[in-house]
Amino acid sequence: MRGYRGSSSGRRRGRVIRRKEMPLWQELPLLLVVAFCLAVLIRTFLVQAFFIPSGSMENTLLVGDRVLVNKVVYDMRDPVRGEIVVFRGTDSWAPEEPSEPISNTFGAKLGRTIGDLVGVSRPGEKDFIKRVIGLPGDKVACCDDKGRITVNGAPIDEPYVQENSPLDAPPNPRQCSSRRFAEVTVPAGEMFVMGDHRLVSQDARCQGTVPIDNVIGRAFIVVWPTSRFTSLSVPDNWKAYAAANPVGVAPISTEPDRSPDPVTTAAALPLLLSVGISARSRLWFRPRRRRLRE
């Protein structure tokens, strides 16, 4: 009997308990739910994708482009001249007309609702994307003898402006049809923004300055279509202005492009999860092996 027990005990010591692997039909929905929840959290607090609905920022941003917007960078610092920002317009800002018609079918509405949750839908009627031109205390006007805007009396070369408003059109306080506008002193806590496609952009020239508190975040990269994948850094003309005016009416940082923003890494989490879904990585659900106690 002792020998029998010893032999049986020896067999049990070599035996392990194996947990049954989760089948694909259970694993896949779970990973999809996790990825969706992460996307919602990232969209709410860190990074959001915005669809470009109009041509007011051409040719920097085209209709249909999708950009990623850093929603936490301005919790740590103020905006910088030359940056592209997404913001909520004030009551004086009229909604921009989308260049493409919006479908109102049930499927399209459902898609927009889901897209809004994860941050890939069209912006709201009062959400705008423009370039920062003036900060609190700046004096912005147009034009000098070469038709350029001036900030605190200094002319600004803007190579990103491909189609400017005409110089001979009379200024209109409610329609940005003219390149010329009277000098504007940017109030405290606000900013002066303009679109790169000046001929069609309705911006601070005729709709007024925008509170900095209305800024949703900084657009820092074009992610779609992939053929237009590029970063949206501060142009050299604004870096040169900052270097030439280190102390002015509204001092700005001379190092606006600190790289990389920590949220950029977080934006890749849903992509990593999708890779894990396709590969069914065993690392996530590896069965724990536990030996029986003697």
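Only this structure's heavy atoms are used, side chains among them; waters, hydrogens and symmetry mates stay out.
Looking only at side-chain heavy atoms (C-beta outward), Pro166 and Leu199 come within less than 4.5 Å of each other. Using a 4.5 Å heavy-atom threshold, the side chains of Arg148 and Ile156 count as separate. Two residues are said to be in side-chain contact when any heavy atoms from C-beta on lie closer than 4.5 Å; Val67 and Leu61 meet this criterion. A 4.5 Å side-chain heavy-atom check between Leu232 and Val222 finds at least one atom pair inside the cut-off.
Atoms CD1 and CG, from Ile221 and Asn70 in turn, are 11.5 Å apart once rounded to the nearest 0.5 Å. Here the CG atom belonging to Asn152 is positioned 4.5 Å from the CG atom belonging to Asp138, to the nearest 0.5 angstrom. Once rounded to the nearest 0.5 Å, the distance linking CD of Glu163 with OG of Ser201 reads 12.0 Å. Rounding to the nearest 0.5 Å places CD1 of Ile133 at 11.0 Å from CE of Met191. In this structure, CD1 in Ile149 is found 9.5 Å from CG in Asp144, a value given to the nearest 0.5 Å. The distance from atom CG of Asp168 to atom CZ of Arg180, rounded to the nearest 0.5 Å, is 9.0 Å.
Annotation for Asp75: atom CG counts as buried by contact number, over 12 foreign heavy atoms lying within 6.0 Å.
Legend: residues meeting side chain to side chain contact (heavy atoms under 4.5 Å, CB included) with Asn164, ordered by chain and number and at least two apart, are Val161, Arg179, Arg198. Judged as a side chain to side chain contact (heavy atoms under 4.5 Å, CB included), and not counting sequence neighbours, the contacts of Ile216 are Phe50, Lys71, Val86, Arg88, Asp127. Every residue meeting the side chain to side chain contact (heavy atoms under 4.5 Å, CB included) condition with Gln175, not counting sequence neighbours, appears here in chain and number order: Asn172, Ser177, Gln202.
Taking the ring centroids of Tyr74 and Phe87, they lie at or beyond the 6.0 Å cut-off.
Using a distance-only test at 3.5 Å, with no hydrogens or angles considered, a donor-acceptor pair links the side chain of His197 to the main chain of Gly55. A donor-acceptor pair is defined here as one N or O able to donate and one able to accept, closer than 3.5 Å; such a pair exists between the side chain of Trp93 and the backbone of Gly208. Remark: the backbone N or O of Glu190 is not paired with any side-chain donor or acceptor of Thr209 at under 3.5 angstrom.
Ser233 and Ser231 form no side-chain donor-acceptor contact under 3.5 Å, judged by distance and modelled atom types alone. Judged by distance alone, the side chains of Thr60 and Asp196 do bring a donor and an acceptor atom under 3.5 Å apart. A donor-acceptor contact closer than 3.5 angstrom links the side chains of Ser165 and Arg205. When only modelled atom types and interatomic distance are considered, Asn237 and Asp157 share no side-chain donor-acceptor pair under 3.5 Å.
Shortest non-hydrogen contact noted between Thr150 and Pro155 is CG2-CA, 4.0 Å. Of all non-hydrogen atoms in Ser178 and Ala169, the two that sit nearest each other are OG-O, 2.6 Å. What you find for Pro53 and Val63 is that their closest heavy atoms are O-CG1, 4.0 Å. Closest approach of Gly147 and Leu167 over heavy atoms only: CA-CD2, 4.2 Å. Of all heavy-atom pairs between Tyr241 and Val151, the closest is OH-O, 3.1 Å.
Annotation: disulfide (SG to SG under 2.5 Å) contacts involving residues 53-83, sequence neighbours excluded, are absent. Residue pairs meeting the disulfide (SG to SG under 2.5 Å) criterion with at least one member in residues 126-223, sequence neighbours excluded: Cys176-Cys206. Contacts classified as ring-ring contact (aromatic ring centres under 6.0 Å, His included) and involving residues 129-154 (residues at least two apart or in different chains) are not found.
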List the steps and the verdict of side chain to side chain contact (heavy atoms under 4.5 Å, CB included) for Ile129 and Ile52.
CA-CA 8 Å; Ile129 184 165; Ile52 305 302; 4.0 Å; yes
I'd like to know whether Lys130 forms a side chain to side chain contact (heavy atoms under 4.5 Å, CB included) with Ile84, so could you lay out the CA-CA distance, the side-chain angles of the two residues, the decisive distance to 0.1 Å, and finally the verdict.
CA-CA 6 Å; Lys130 305 290 181 185; Ile84 297 175; over 6 Å; no
Report the C-alpha separation of Val85 and Val69 in whole Å, then their side-chain angles, then the decisive distance to 0.1 Å, and conclude whether the side chain to side chain contact (heavy atoms under 4.5 Å, CB included) test is met.
CA-CA 8 Å; Val85 297; Val69 175; over 6 Å; no
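Using a 4.0 Å cut-off between charged nitrogen and carboxylate oxygen, Glu83 and Lys239 do not count as a salt-bridge pair. Residues Asp203 and Arg131 are not paired through a salt bridge, judged by the lack of any N-O separation under 4.0 Å between the basic side chain and the carboxylate.
Linking Ile, Leu, Val, Met, Phe, Trp and Tyr residues whenever their side-chain heavy atoms come within less than 4.5 Å places Phe229 and Phe220 in a single cluster.
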